[in-house]
Amino acid sequence: MQLISSPEQMHILCSNFRKKTTNVGLVPTMGALHNGHKSLIETSLKENDTTIVSVFLNPTQFNSSNDLESYPRMIDDDSKLCSSLGVDYLFVPNTEQIYPSGYSSWINVGGISDKLCGIGRPGHFRGVSTVVLKLLMICLPDYAYFGEKDYQQFLIVSRMCTDLSLDTQIVLCPIIRDSDGLALSSRNIHLSPEDRETALLVVKAMKRVEKFFLEGENNCSKLIQTAKEILTEPSLELEYIEIVDSETLESLKEIKDSARIMIAIKIGSIRLIDNLYLEL
């Protein structure tokens, strides 16, 4: 595995791959890699001749300096994991290389960026869209891999690629969960055992919604209320819970054939998101 920090070097290398018709897969990450990232990497390794993993802690997608400072940084462990999996290139640029002095260009994907996480985190998806576009333009991948846990992010990046006629295909990979059902997240490392038990209420609430839906209940207000009855732990702050159309993220009143339940919570300073696809 080769570690590259220079965007210019990475771009020249990837431009040469294009000339050789070599399939390139990119797994963009912010580091602190876990089994969810491992799954994305393994999928790319199976589907491409060359796999690049990028590690860049993107400051422009954080709404809180404390959140940015507390985000785990584990580059040595990340590098060892990527090397052990057989990743070809680990791309680790620094902030100045991605946002040089005077940087002033931003990508805003309207509509779906303004819902759900976009309400409570203004500017978050602008930062996500901008850094992903830069990574795609540097690495020129045929495929880029994103996890289903960040489903809104996946839709936004997919829309950006479509709108801007980019060549990269965005691939959605399933949520990877721990044995207790909690969706893997780099932020889980900050959960105490008590906090983790509280976080698992999200999974319990989504499963209850799924059960009632499969039993015939399709009224979204009633389904959401059944979930809220579980999410009553005082230490849990419910940011939002919505049942939405899986393509537009528009809130639904009734589920016809399928939908997606989207949840965001905070436990102390730790923010967690999850979602579940509902289908008859």
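Note that the structure is predicted; figures quoted are calculated from it, not measured. Counting begins at 1 with the first residue of the sequence.
- Listed for the E237 side chain is no donor-acceptor partner under 3.5 Å among the backbone atoms of E239.
- The shortest non-hydrogen separation linking V109 to R159 is CG1-CG, 3.6 Å.
- Side-chain N or O atoms of T198 include one that pairs as donor or acceptor with a backbone N or O of E194 at under 3.5 Å.
- Judged by distance alone, the side chain of D178 and the main-chain N or O of A183 form no donor-acceptor pair under 3.5 Å.
- Under a cut-off of 6.0 angstrom, the local environment of CD in E247 is sparse, with at most 12 non-hydrogen atoms contributed by other residues, nucleotides or ligands.
- Contact between T168 and P141 at its shortest, heavy atoms only, is OG1-O, 2.7 Å.
- The aromatic rings of Y89 and F17 are tilted relative to each other, their planes meeting at an angle between 30° and 60°.
- Surrounding CG of L172 are more than 12 heavy atoms belonging to other residues, nucleotides or ligands, all under 6.0 Å away.
- Taking the six-membered ring for Trp and thresholds of 30 and 60 degrees, Y103 and W106 have ring planes more than 60 degrees apart, a perpendicular arrangement.
- Counting heavy atoms from C-beta outward, S129 and V132 have side chains that stay 4.5 Å or more apart.
- Between R177 and D274 the shortest side-chain heavy-atom distance falls below 4.5 Å.
- P59 and T95 get closest at one heavy-atom pair: CG-CG2, 3.9 Å.
- The closest side-chain donor-acceptor pair between E148 and Y277, if any, does not fall under 3.5 angstrom.
- Here the closest heavy-atom approach between residue F213 and residue L223 is recorded as N-CD2, 4.0 Å.
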Under the side-chain contact (heavy atoms from CB on, under 4.5 Å) rule, what do L200 and K204 come out as? Steps first, then yes or no, please. CA-CA 6 Å; L200 285 170; K204 184 177 179 181; over 6 Å; no
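- Not a single donor-acceptor pair under 3.5 Å links the side chain of N63 to the backbone N or O of G123.
- Side-chain atoms of T50 and N48 form no donor-acceptor pair, as typed in the model, at a separation below 3.5 Å.
- With contacts defined as side-chain heavy-atom distances shorter than 4.5 Å, the pair L81/H37 does not qualify.
- Distance check: H34 NE2 to S185 OG gives 5.5 Å after rounding to the nearest 0.5 Å.
- T60 approaches G127 most closely through the heavy-atom pair OG1-CA, 3.3 Å.
- Y143 and L164 are assigned to two separate hydrophobic clusters, defined by single-linkage of ILVMFWY side chains at heavy-atom distances under 4.5 Å.
- With Q152 contributing its side chain and C117 its backbone, the two residues share a donor-acceptor pair below 3.5 Å.
- No side-chain donor-acceptor contact under 3.5 Å links D88 to the backbone of I52.
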Apply side-chain contact (heavy atoms from CB on, under 4.5 Å) to the pair I41 and V53, showing each step before the final yes or no. CA-CA 8 Å; I41 294 168; V53 175; 3.7 Å; yes
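- N35 places no side-chain N or O within 3.5 Å of a backbone atom of K38 that could act as its donor or acceptor partner.
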Evaluate the side-chain contact (heavy atoms from CB on, under 4.5 Å) criterion for residues L33 and C82: first the C-alpha distance (whole Å), next the side-chain angles of each, then the deciding distance (0.1 Å), finally the verdict. CA-CA 9 Å; L33 305 183; C82 289; 3.7 Å; yes
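- Put simply, I175 and V203 are part of two different groups of oily side chains (I, L, V, M, F, W, Y) that touch within less than 4.5 Å, one to the next.
- Distance alone, capped at 3.5 Å, is enough to place a donor-acceptor pair between the T29 side chain and the S54 backbone.
- Distance check, rounded to the nearest 0.5 Å: CZ of R187 to OG of S70 gives 7.0 Å.
- Taken together through direct or relayed side-chain contacts under 4.5 Å among Ile, Leu, Val, Met, Phe, Trp and Tyr, I230 and I267 form part of one hydrophobic cluster.
- You'll find the side chain of V128 stays beyond 4.5 Å of the side chain of R121, heavy atoms only.
- Partners of D257 by salt bridge (Lys or Arg N to Asp or Glu O under 4.0 Å), not counting sequence neighbours: none found.
- In terms of hydrophobic clustering, with Ile, Leu, Val, Met, Phe, Trp and Tyr side chains grouped at heavy-atom distances under 4.5 Å, L90 and V24 are assigned to different clusters.
- Hydrophobic clustering (side-chain heavy atoms under 4.5 Å, transitive across Ile, Leu, Val, Met, Phe, Trp, Tyr) groups L191 together with I265.
- A heavy-atom distance below 4.5 Å is found between the side chains of F91 and I138.
- Formation of a donor-acceptor pair under 3.5 Å by the S113 side chain with backbone atoms of G110 is not found in this model.
- Formation of a donor-acceptor pair under 3.5 Å by the K134 side chain with backbone atoms of I98 is found in this model.
- Residues satisfying the salt bridge (Lys or Arg N to Asp or Glu O under 4.0 Å) test with E229, not counting sequence neighbours, are R208.
- Taking OG1 of T22 as the start and CG of D49 as the end, the distance is 5.5 Å to the nearest 0.5 Å.
- For the pairing with I75, the side chain to side chain contact (heavy atoms under 4.5 Å, CB included) check across L3, V92, L57 returns one residue only, V92.
- Rounding to the nearest 0.5 Å gives a distance of 14.5 Å between CD of E217 and CD of E210.
- Taking the side chain as every heavy atom from C-beta outward, D150 and I273 approach each other to under 4.5 Å.
- Side-chain atoms of K222 and F212, non-hydrogen and from C-beta on, never get closer than 4.5 Å to each other.
- T130 OG1 to Y99 OH: the interatomic distance, rounded to the nearest 0.5 Å, is 6.0 Å.
- Put simply, the side chain of L133 reaches to within 4.5 Å of the side chain of L166, judged on heavy atoms.
- For the atom pair CG (L214) and CD (E279), the distance works out to 10.0 Å, reported to the nearest 0.5 Å.
- In plain terms, the two heavy atoms of D78 and A32 that are nearest each other are OD2-N, 3.0 Å.
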